[in-house]
2 protein chains.
Amino acid sequence: MTDLADLRLTPQRMAVLEVLRAAADHPTAAEVYERVRRSSPRIGSATVYRTLALLVSTGRALELNLGDGAAARYDANTCRHDHAVCDGCGRAVDIDHPVPDGMVAEIARRSGFAITGYDLQFRGMCPDCQASSSDPARAAGGTGPTVNTHAKGVLHAEA
Amino acid sequence: MTDLADLRLTPQRMAVLEVLRAAADHPTAAEVYERVRRSSPRIGSATVYRTLALLVSTGRALELNLGDGAAARYDANTCRHDHAVCDGCGRAVDIDHPVPDGMVAEIARRSGFAITGYDLQFRGMCPDCQASSSDPARAAGGTGPTVNTHAKGVLHAEA
DNA sequence: AGTGATACTGAGAGTCGTTCTCAACCAGTG
DNA sequence: CACTGGTTGAGAACGACTCTCAGTATCACT
């Protein structure tokens, strides 16, 4: 793992970090690449991928696997948080509601794992998509293309 | 979504389901393909992928994204459950400890999402890898190759 | 300023997991 | 028996990502 001190802040890396910081959504690497090219048209995709990996490994960004196809997503919000992904528009919103420590400890005890972290993501319909699916006029809502994330685990109660 | 009644149980599909049911681990599609070929050598990879997608969409299997590279994993245990993934050997074990319903309801309320399900996965070291990493003689533990899943969110307490 | 060592970059090729295409096949139905 | 429509297998195609490599920038010394 590259150490923090060892990291040169080149213009390209700055540009990638800027884009990530400015992003309100959770862009894929390809989206980051596209946005960075607006300010640094000569940057290569390999540099963007390398830089994203570097930012992740030095703790300046988070990598997310939201299960929509293959593309990893990136998040400059490095505080521990989770996500809710909309089955309609594919949008992901941040959730700041940690799993109770007691539960983690209990799972560690039962499984024997030394647990260092976890990923939690919820699936469902965002408020916009709920409104437009009950609406006969299907207002597309906006952000992304429709992603067909089939529910991978079904909730066993209320919701 | 293909309906259950609509599903022909061809020999190929039976073979894939058999392999999945017999698997104690969480095989990737490529692993399923390899195992199915032992009994049905003429099967094509497209058929395996198609069948896995079919099984998932009809609720006969679960698709997992354990974040180790790109490959999706499959699980014939369709009951709601979560996973703990070992950073050492890449192995995933089942965790049967649901998130409290109250927490899900609270998140639904706060985010406005109509939550239909969730995915929770823990990361850490399995008992075997803990033993072999403290051991000077690094007993490899066994199942898989070493996967370098860099921690994507760090736990904020005890563990 | 000159010199070498080292890190970084961009282009393009390569890899990997997955999906698509398409002709051939098979199982029912009329 | 011919028709119809779902299913199959081979291979091409695709998207996301990584690797390779020559060229460039930056640093530490002199």
message: If you only use heavy atoms from C-beta on, which nucleotide in D:dA10, D:dC17, C:dT9 is closest to the side chain of A:R13?
response: C:dT9
message: I want to verify a distance call: between C:dT18, D:dG9, C:dT9, whose nearest atom is closest to the B:A29 side chain?
response: C:dT18
Residue whose closest nucleotide on DNA chain D lies nearer the 5' end, A:A46 versus A:A30: A:A30
message: Nearest whole Å is fine: how far is D:dC17 P from A:N65 CG?
response: 9 Å
message: Distance check needed: C:dA27 P versus B:L9 CG, whole Å only.
response: 14 Å
query: If you measure from the Lys or Arg side-chain nitrogens to the Asp or Glu carboxylate oxygens, is any gap between A:R37 and A:E34 under 4.0 Å?
result: no
- request: Assess whether one donor atom and one acceptor atom, taken from the side chain of B:R50 and the base of D:dG6, lie less than 3.5 Å apart.
  value: no
B:R8 (side chain) and C:dG28 (base): donor-acceptor pair under 3.5 Å: no
message: Just to be sure I understand the rule, does A:R42 reach a base, reach only the sugar-phosphate, or reach nothing, if contact means heavy atoms closer than 4.0 Å?
response: sugar-phosphate
message: Using a 4.0 Å heavy-atom cut-off, does B:T10 contact any base of the nucleic acid, only the sugar-phosphate backbone, or nothing at all?
response: sugar-phosphate
message: If we ignore hydrogens and angles and just use 3.5 Å, is the side chain of A:Q121 paired with the main-chain N or O of A:N65 as donor and acceptor?
response: yes
message: A side-chain contact here means heavy atoms from C-beta on lying under 4.5 Å apart; do A:D128 and A:R91 qualify?
response: yes
- prompt: Is the shortest heavy-atom distance from the side chain of B:L62 to the side chain of B:Y74 under 4.5 Å?
  reply: no
- request: Please state whether the phosphate of C:dT19, meaning OP1 or OP2, lies under 4.0 angstrom from any side-chain nitrogen or oxygen of B:Y49.
  value: no
query: Hey, does the side chain of B:Q12 come within less than 4.0 Å of D:dG9's phosphate (OP1/OP2), counting only N and O?
result: yes
